[in-house]
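One structure is given below, encoded as C-alpha cells.
Each chain gets a letter, A, B and so on, in the order the sequences are listed, and its residues count up from 1. Heavy atoms only: backbone and side chains are in, while hydrogens, waters and symmetry mates are out. Everything numeric here is computed off the predicted structure, so don't read it as measured data.
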Amino acid sequence: MKLVTAVIKPHKWEEVREALAAAGVAGMTVTEASGYGQQKGHTEVYRGAEYDVSLVPKIRLEVVVDDADVDSVVSTITGSAQTGKIGDGKVWVIPVDSVVRVRTGETDEAAL
Amino acid sequence: MKLVTAVIKPHKWEEVREALAAAGVAGMTVTEASGYGQQKGHTEVYRGAEYDVSLVPKIRLEVVVDDADVDSVVSTITGSAQTGKIGDGKVWVIPVDSVVRVRTGETDEAAL
Amino acid sequence: MKLVTAVIKPHKWEEVREALAAAGVAGMTVTEASGYGQQKGHTEVYRGAEYDVSLVPKIRLEVVVDDADVDSVVSTITGSAQTGKIGDGKVWVIPVDSVVRVRTGETDEAAL
Amino acid sequence: MDTGDTAWILASSALVLLMTPGLAFFYGGMVRSKTVLNMMMMSFLALAIVPVLWVLYGYSLSFSPDGNQFLGGFKRLGLDHISQGTAYGTIPEYVFVAFQLMFAIITVALISGAIADRAKFGAWALFIVIWMTVVYFPVAHWVFDFGEHGGWIATKLKAFDFAGGTAVHINAGAAGLALALVLGKRVGWKRDPMRPHNLPFVLLGAGLLWFGWFGFNAGSAVGANGLAGLAFVNTAVATAAAMVGWLLVEVVRDKKATSLGGASGAVAGLVAITPACGTVSPLGSIAVGVIAGILCALAVGLKYKFGYDDSLDVVGVHLVGGIVGTLLIGFFATKGNTGGIGSIFYGGHFEQLGKQAVAAGAVLVYSFVLTYIIGKLIDVTIGFRISEEDEVLGIDQVEHLETAYDEAGIIGGSALKTGV
Amino acid sequence: MDTGDTAWILASSALVLLMTPGLAFFYGGMVRSKTVLNMMMMSFLALAIVPVLWVLYGYSLSFSPDGNQFLGGFKRLGLDHISQGTAYGTIPEYVFVAFQLMFAIITVALISGAIADRAKFGAWALFIVIWMTVVYFPVAHWVFDFGEHGGWIATKLKAFDFAGGTAVHINAGAAGLALALVLGKRVGWKRDPMRPHNLPFVLLGAGLLWFGWFGFNAGSAVGANGLAGLAFVNTAVATAAAMVGWLLVEVVRDKKATSLGGASGAVAGLVAITPACGTVSPLGSIAVGVIAGILCALAVGLKYKFGYDDSLDVVGVHLVGGIVGTLLIGFFATKGNTGGIGSIFYGGHFEQLGKQAVAAGAVLVYSFVLTYIIGKLIDVTIGFRISEEDEVLGIDQVEHLETAYDEAGIIGGSALKTGV
Amino acid sequence: MDTGDTAWILASSALVLLMTPGLAFFYGGMVRSKTVLNMMMMSFLALAIVPVLWVLYGYSLSFSPDGNQFLGGFKRLGLDHISQGTAYGTIPEYVFVAFQLMFAIITVALISGAIADRAKFGAWALFIVIWMTVVYFPVAHWVFDFGEHGGWIATKLKAFDFAGGTAVHINAGAAGLALALVLGKRVGWKRDPMRPHNLPFVLLGAGLLWFGWFGFNAGSAVGANGLAGLAFVNTAVATAAAMVGWLLVEVVRDKKATSLGGASGAVAGLVAITPACGTVSPLGSIAVGVIAGILCALAVGLKYKFGYDDSLDVVGVHLVGGIVGTLLIGFFATKGNTGGIGSIFYGGHFEQLGKQAVAAGAVLVYSFVLTYIIGKLIDVTIGFRISEEDEVLGIDQVEHLETAYDEAGIIGGSALKTGV
Ligand SMILES: Nc1ncnc2c1ncn2[C@@H]1O[C@H](COP(=O)(O)OP(=O)(O)O)[C@@H](O)[C@H]1O
Ligand SMILES: Nc1ncnc2c1ncn2[C@@H]1O[C@H](COP(=O)(O)OP(=O)(O)O)[C@@H](O)[C@H]1O
Ligand SMILES: Nc1ncnc2c1ncn2[C@@H]1O[C@H](COP(=O)(O)OP(=O)(O)O)[C@@H](O)[C@H]1O
C-alpha cells in the first residue's frame, strides 16, 4: 500500500474531494497547512507599509491507497486541483507497510 | 525504524496518550486534523435547514518507533482508541530511514 | 527521493526557514503541531491551582528532497533549530516513491 | 427646555448610535470567517456616510417644517436655522437632530444582512447614498414628523408607530428582500452549511442591540417621563418573551435551544415591540413578544421554500417582526396609553387595525419597489456583485485586503495563518 | 416627578441590563471553547425568563405595598395599578419597575458560574423560575423595599445595603455554593487545566460589568444627586483599588500579574463596594477595595482545599466579596453619609457591624438552604446534570447543537473545523 | 443643582469610563495574538491605578481652587471638603470629580499603543504613577480649570479646547512619541508584517470608543443643554466625515478600503473634533473630519520614514489629529458658538489661530520633554523593556503567564494549543 500526500490550494478542496469520491476513494485525512515555495515572495502593502509574505495557506490531504490505485488517485488529485498558476501544490507517494482500522482491527486492504 | 501514524477520535486522545505512556512511548507529535470517511454523510439541521457534514474533527498522532516496538505500539493505540463505532480511525506504518534528535544530533534508536 | 519531516520549536521557525532557503531548499509545507516528549512534565500554576502540561506547541516541517540532498537538509535543520535545551525536536527521513507538481504534472526531481 | 428630558435624549442618542456597531457584531458573527470584515464594514459604512448626508440635507428632507405630508422642506439644509437655543418640544433641536440621525444610520445598515458575502463595497456605498435619499428620508418624514406639515402616516392616517416599526423595520426588511432578489444567491447556498463562524459575537451583538434599543424605544418618548418608563418596561419584557417564544419553537422542533435562536428571538422581540411599546401594556407586551418570537422563528425558513438568499434573515426577523408588531397594536393597544383609542382586545375597536395595515403596507410596497429599482440600476451600471471566484476566496481578502483573524502568532510576525 | 431623576434612572436601568450580557462574556471567556455557548446562554436565559416573571408576579411579590416585612403583596400582579402617571418617589413607577427588574435578572445569572459546563439547559430554566420565586423575590423585598410595609432588613433591622451586597451578591454566592455541591465536580477537575479559552472576552465582560455597575450603584440613589455622585466616585475608586489588591497578591505569590486576575479583581471590588458605596467616603472606598481585592484573590483557592467545583469562583468573588463589603460598612461608614450613624473607625460605634452581620448571615443561610433543596429536587426529578460522555464532548454540541467558533472558513462552507 | 444636568454628567462619566476598555480592544485587536493580553492590560492598569491617585491627590492638583495658573492646590487632597451637597456649577462636585477622573484614565492609556509588545508591566505601572503626577495633573489644570485660580490656557491664553484636544490627545501623542523613542523598535519591525490579529476587536473598540466619546465631548458642556446638543451632533458628523476621508485615501492609494482604515478614520475624527466640537458648526465639523481623516491616514506612514516604532499609531492619530483639531478651530469657529470670537473663515480673524497654536505647542513640548526624561529614568533604573527572547516568545506568556486564546477545547482540558 501507499500513502498519497497532497498539498493543494484551499479553494480547490471541494473539487478535489468530489473528484476523489467519484473515483471511489472512501476516506482521507485533511489538515490545514502553510506552504512555502515559488509562490512565495509576494509582497503585501498594508497601512502604507510593505511586507513579504512567505507562507500561504494550503490544504494537506493524506490518502492511504492500494498499490493498484496509486496512479489513478494521484492523477485525480492533480487533475482536480490544477489551476495552472504557481502554488498549485505537490503530491508525493510513500510506501506503507501496513494499515489497521481501529474500530475492527482489520488490516491492510480490508482497512481502507 | 518505523513511523506510526494514527488518526483517532478527539475525545479518545487522553486515553491513547496514557496507554502509550504506560507502554513506554516517550514521545510523539500531535496535530489537529479533519477526517473524511464512512462516518461522513451525517446530516445536520440548523435554523431549519439541512446540511451534509462531510468532515469530522480528528486527532492525528505520529510516533517514530524501533522496528521491534511497532506491533505493540499499533495495538496499544487501536486498543485504547477503540469505541466500536464508525469513525474510530486508522493507523498506518511507514518505513523510516533515519531519525535525528535536534538537541544532541544523536541518530536513530538513540534519538527516540 | 526522500521526505524530511522536522518537528521544531516555534520561535526557531524563522531561522530554520532562512537557513533552508540559504541552502537552496525551494519549497516546504508547514503545519502547527503539539509535541509530547521529555519536555513534558512541566507544571503550571494558574489562579492558585497546579497543572501538568503535557503538550507543547511545535512547528512541523515537511520537505521533499533529492536523495543527494538529504544529509545537507537534515544538518541544516538540526543546525539552525538547535537551542541545546530539551524539546528541540526531531527530524526523520522517509523514502518517497514519486512526486508530482500539480501545476505542470512534472514528476520527481523536476517537481521539486 | 427641560434639562431632564434633554439628558435622557442625549443618552438615548448615544445608545442608538451603539446599535449599529452592535448590529455589525450580530451580523458579523453569523457569516463565515472569510467574510466577517465586509459584513461589519457594511454597517460601519452606514456610520460613515449617513451622518454626512443627514447634516447636508437628510434632516431637512425628513423634518424641515416647510414641507408637505410626503416630504420635509429645505429650510434645514446644512442644519441651517438651528442654533444652541433652538428648541424642539422640550429639548434643543440639535439633540433631536442627533437622536433621529441614529435611526437613519441603523435602518440602512439593517439591510446589509440580506446580501452578506457578495456585494461590492463601492456599490454598497452608492446604494447607501441613493437609498437614504430616495427611500429613507421620505419615509421617516411620513412616520416621524408630527408637525404642522408633518408626514401623512403620523398626522393624517394616524397609525401608531411609536419608534419605527414601519419606517425602520418594515422599510429595511422590504429593502432587504428586494436586494436579495437583485443580487441572487451565494455560491454554495443550500449546499454548504454556512454556519455562524463566531456565535459569541452574535450574542454580543444581540446584547448591545438590546441595550441600545432602550434608547431607541424609550427615547422615542422624547422626554424622561412615564411614557418613557412604559416603553422601557415593554421593551424589556417583550424581548424576553420573544426569546422564550423562539427557543420554544426550537425545543419543540429540534429538541434543543440554540444560542443563535436566543439571539434572534431577542432581536425579533425588539423589532416587534418597537412600534407598539408606547401603546400596549406590559402584559400586552408579553403577548406581542411571544407571538413575534414564534412567528419569526418559523419565518426564517421561508427563504428555503421560496428560494431567495436573504442571508441573515432580514426578512424573517425585521420584515415579519415589523409587520407583526405594527398589526398587533390593533389588537393590544390600551385606551390609557393611546389617549382613548382602543383596539380589538381593549375596547373591541377594529378601525385601528386597518390603519396599522395601511401604514405597514404602504411602507412595504414603497420600499420594496424603489429598492428593487435602485438595486437593478446599480447592478447594470457599476455591478453590485463580486465575481464567483472572489466569493469563494472570501470577500474580506478581495474587497478589503484583510483577513479577520490571525491567531497563530507564536511564530514571530510571519504567522502561519497570514496571507492568502 | 423629576425629569432629571427619571433620566438618570432610565439610563441606569439600561446600564444594569447590559451587565448580564457583560457577565455572559466574563463567564464565557473563562470556560473552555467547547462550553462557552452554554455558559453565555445561561445568562441569556435569565434575560429571557426573569422579565416575564417580573411583570407577571415578581415585582408584586417584591414591592407591592400591600405585603408584610417578609414578602410584598399582590396588588401589583401583572403590574396592575400602575399607569404612566404613577410615581415612585420622584420618578415614574414604571421606571422603578424597570430598574429593579435588571437587578433580578443579573442575580440569578451570577449563580450560573458555579455550575459551568455541566448543567442541563432545561433544568437551568426550571431552576430560574423556582429560585426567583422562592428565593429572590422575598429577599429583594427584605432588602430593597423601604415602604410602610417594607422588608425587615431595610425597615426593622436597618442594616445598610445601598445597592445589593446581600440581596444580590451574598444571595447569588450562597446559591452558587449550594448548586456546586448538588451538581458535583466536572470530569477532569483538578487534573485538567481548564484554563480560560478567551481572555479578551473575560476583559470585555469585566469592562461591560464595570460600566453597567455605575447604573447599579449610582442608580440606587434613585435620583440624580450628590448621593449618586458619591456612589459613582466610590464605585470607580474601590474597583480600581481592588484590582491593585488582587494584582499585588499575584505579583507577590506568582511573580506576575495576570489578566484574569485584573478582571477578577475589578469584579471583586465592584461586589464589595455595592453595599457600601452610599455610606463610606472615597478614602474609605479605597480601603474597602484593597481589602476585598486581597481577600477574594486568596478566597478563590478555597475550593481546592474544600473540594467543591465552584467553576468560575462565584463563592470566592461574590459570596466573599459581598460579605466583606457588607461587614466593612460597620468599620467605614461615615456619619455625614448615613445621617448620623457612625461606624467603628468613624465614631467608634460597634452596633452597626452587628446589624450588618445579621443581614449578611440571614441572606446567606436562607439562600443556601433553599437553593440546596431546590437543586436536589430538580436533580432527583428531571436531573440537573448532563452525562459524563456529553461533558467530555462539550455541552455546546450536546445542549445547543452548536460550536462557538468556526474560523477555518477559507474552505467554502464545509469548513474543516465544523461539526463533531 | 440641576438634576437634568447631573443626570447627563453621570451618564457621561459612565460613557467615558467605557472608553478605556474600548481602547483596550481597539489596541488589543491590532497587535499579534501573542501580545494582546499585555496590550489590554496596559489599559486596565490605567483603570486600576489612576482612580486611586485621583482620589488621593490628582483631583486636588488639577482642580483644587487654592492653586495658581500652573497647578491646582491641596484643599481637595483625599477629596477633602467635598460632601454630597457640594456643588460644581449646576452639578454635585462628586459628579464632576467622577467625570474628570475618566479623562485622566484614558489619557495615559492612550500612550500605551506606542510601546506595544515590549514594555515590562512593572515599569508601565511605575510610569503611570509618575506621568500622571508630573505631566497629566498639571496639564489638566492648565486646560480644564476655568476657576478663579484656573489654568493659564483656559483663563489667560483663552485658547479653545472644548473637551481635551490638547490635554488629552496632543499630550498622549507627544508622550507616545517620546516613549517609542526610549524603548526602541520591536524585534522584526519592518521585516515582519505584524498585522492585526483580530480586526473585529479593532472594530469593537472603535464602536465602544465612539459611543463613549459622546460622553467625553457632549458631557464637556457640563450640562444637558444646546451646547451639549451641538457637541453631540458635531461629534457624530466629524467622525463620519473622517472615516470617509481615511477610506478615500485608501481607495485612491490601494484601490480598496480596509476595516482597519475605517476604525482608524473614526478615531481620527473623534480626536480632531474633541477640541472643536463646542465652537464649530455641523458643516464646519464635516470639514474638520474630512481633513483629519485624510491627514491622519497619511501621517501613519511617517514612522516608516523617520524610523520610530510607534506601534499602533498614537502619533499618527492622536498627536496629528489633536493638532489638526486644535488648529482648525482657528479657521472654523463661529461667533454664535464662541460668544462672539470669530475665526479665519468666519469673520476673518487670525488671532485665535495663534492662541490655538500656542496651546498646542506648549502641551506638545512639555509632554514630550517630561515623558522622555521619565522614560529614560525608568529605563536606566528598573529597565523599561523585556528581553528580545521574551519578545519573540510573546509578552503575554512572559509577563502574564497566559495565552489569550485556547480554542482547541475539543480535547478535555489539556487542549492541544495550551502551554508554551
Ligand atoms: N520540496 C517540497 N517539499 C514539501 N512541500 C513542498 C515542496 N515544494 C513545494 N511544496 C509545497 O507545494 C506548494 C506549492 O509549491 P510552489 O513552489 O509555490 O508552486 P508550484 O508547485 O506550482 O511550483 C508550497 O506552498 C508547499 O506547500
Ligand atoms: N484511506 C484513508 N487514508 C487516510 N485516512 C483515512 C482513510 N480512510 C479513513 N481515514 C481516516 O480515518 C477516519 C475514520 O474512517 P471512517 O471510514 O470514518 O471510519 P472507520 O475507520 O471506523 O471505518 C476518517 O475520518 C479519516 O480521518
Ligand atoms: N518518538 C517520537 N515520534 C514522533 N515525535 C517525537 C518523538 N519523540 C519526540 N517527538 C517530538 O519531538 C519533540 C521534542 O522531544 P523531547 O523528547 O521533548 O525533547 P528532545 O528531542 O530534545 O529530547 C516532542 O515535543 C515531539 O513533538
Side-chain angles (χ1 to χ4, degrees), chain D residues 1-8 10-11 13-14 17-18 20-22 24-25 28 36-37 40-41 44-45 47-52 54-56 78-79 83-86 91-95 97-98 101 121 198 201 204 224 399-402 404-410 412-415 418, chain F residues 2-5 7-8 11 15 32-35 188 191-200 203-204 206-208 210-211 214-215 218 223-230 232-233 236-237 239-241 243-244 247 254 256-260 262-263 265-266 281-283 286 336-337 392 394 405:
Chain D
M1 288 191 272
D2 182 291
T3 57
D5 290 344
T6 303
W8 173 234
L10 284 166
S13 304
L17 180 282
L18 186 64
T20 301
F25 276 79
V36 50
L37 294 178
M40 292 184 163
M41 282 301 280
F44 275 82
L45 200 62
L47 283 161
I49 292 177
V50 175
V52 177
W54 191 246
V55 165
L56 292 180
L79 299 191
S83 74
Q84 294 182 25
T86 315
I91 65 172
E93 184 161 356
Y94 273 138
V95 176
V97 169
L101 161 60
F121 198 58
N198 197 321
F201 279 179
L204 176 63
E399 289 287 296
H400 306 292
L401 310 176
E402 296 176 313
Y405 310 101
D406 175 9
E407 298 187 347
I410 278 170
S414 26
T418 309
Chain F
D2 182 291
T3 57
D5 290 345
W8 173 234
L15 287 168
R32 291 162 292 170
S33 63
K34 66 183 177 183
T35 63
R191 180 196 69 195
D192 301 334
M194 300 184 180
R195 291 177 66 141
H197 87 287
N198 196 321
L199 282 161
L203 290 171
L204 176 63
L208 293 179
W210 195 346
F211 173 59
F214 287 117
N225 48 39
L227 178 55
L230 174 69
F232 200 112
V233 170
V237 74
T239 307
M243 280 181 74
V244 171
L247 294 176
D254 312 325
K256 297 290 174 185
T258 67
S259 65
L260 182 60
S281 70
L283 283 179
I286 294 180
N337 291 324
V392 171
Y405 309 102

Is [X] in contact with chain F via its backbone, its side chain, both, or neither, using a 4.5 Å heavy-atom distance?
X        : result
D/Leu10  : both
D/Leu47  : both
D/Val36  : side chain
D/Leu401 : both
D/Pro51  : both
D/Ile91  : neither
D/Ser13  : both

Counting only non-hydrogen atoms closer than 4.5 Å, does [X] touch chain D with its backbone (N, CA, C, O), its side chain (CB onward), both, or neither?
X        : result
F/Ile286 : side chain
F/Asp2   : side chain
F/Leu247 : side chain

* To do: Answer yes or no: is there a donor N or O on one side and an acceptor on the other, between the side chain of D/Glu402 and the main chain of F/Leu199, under 3.5 Å?
  => no
Could you report the tightest heavy-atom contact between [X] and [Y], atom names first, then the distance?
X        : Y        : value
F/Gly226 : D/Tyr94  : O-CD1, 4.0 Å
D/Phe121 : F/Ala257 : CE2-CB, 4.0 Å
D/Ala404 : F/Pro200 : O-CD, 3.6 Å
F/Gly207 : D/Leu18  : O-CD1, 4.1 Å
F/Ser259 : D/Leu37  : OG-CD2, 3.7 Å

* Structure fact -> Sorted by chain and residue number, the ring pair (Phe, Tyr, Trp, His ring centres under 6.0 Å) partners of F/Phe232 (sequence neighbours excluded) come out as F/Phe214
* To do: Applying ring pair (Phe, Tyr, Trp, His ring centres under 6.0 Å), name anything that partners D/Phe44, two or more places apart in sequence or on another chain.
  => none
Between [Y] and [X], is there a side-chain heavy-atom distance shorter than 4.5 Å?
X        : Y        : answer
D/Leu79  : F/Leu283 : no
F/Trp8   : D/Thr6   : no
F/Leu203 : D/Met41  : yes

* Top residue by heavy-atom pair count (under 4.5 Å) with chain F, among D/Gly4, D/Ala98, D/Pro21? -> D/Ala98
* Asked: Among F/Leu208, F/Thr239, F/Thr258, which residue forms the greatest number of heavy-atom pairs with chain D at distances under 4.5 Å?
  -> F/Thr258
* With a 4.5 Å cut-off on heavy-atom pairs, point out which of F/Val244, F/Leu260, F/Leu227 contacts chain D the most. => F/Leu227
* Atom CG of F/Asn337 and atom CD of D/Gln84: how far apart are they, to the nearest 0.5 Å? -> 5.0 Å
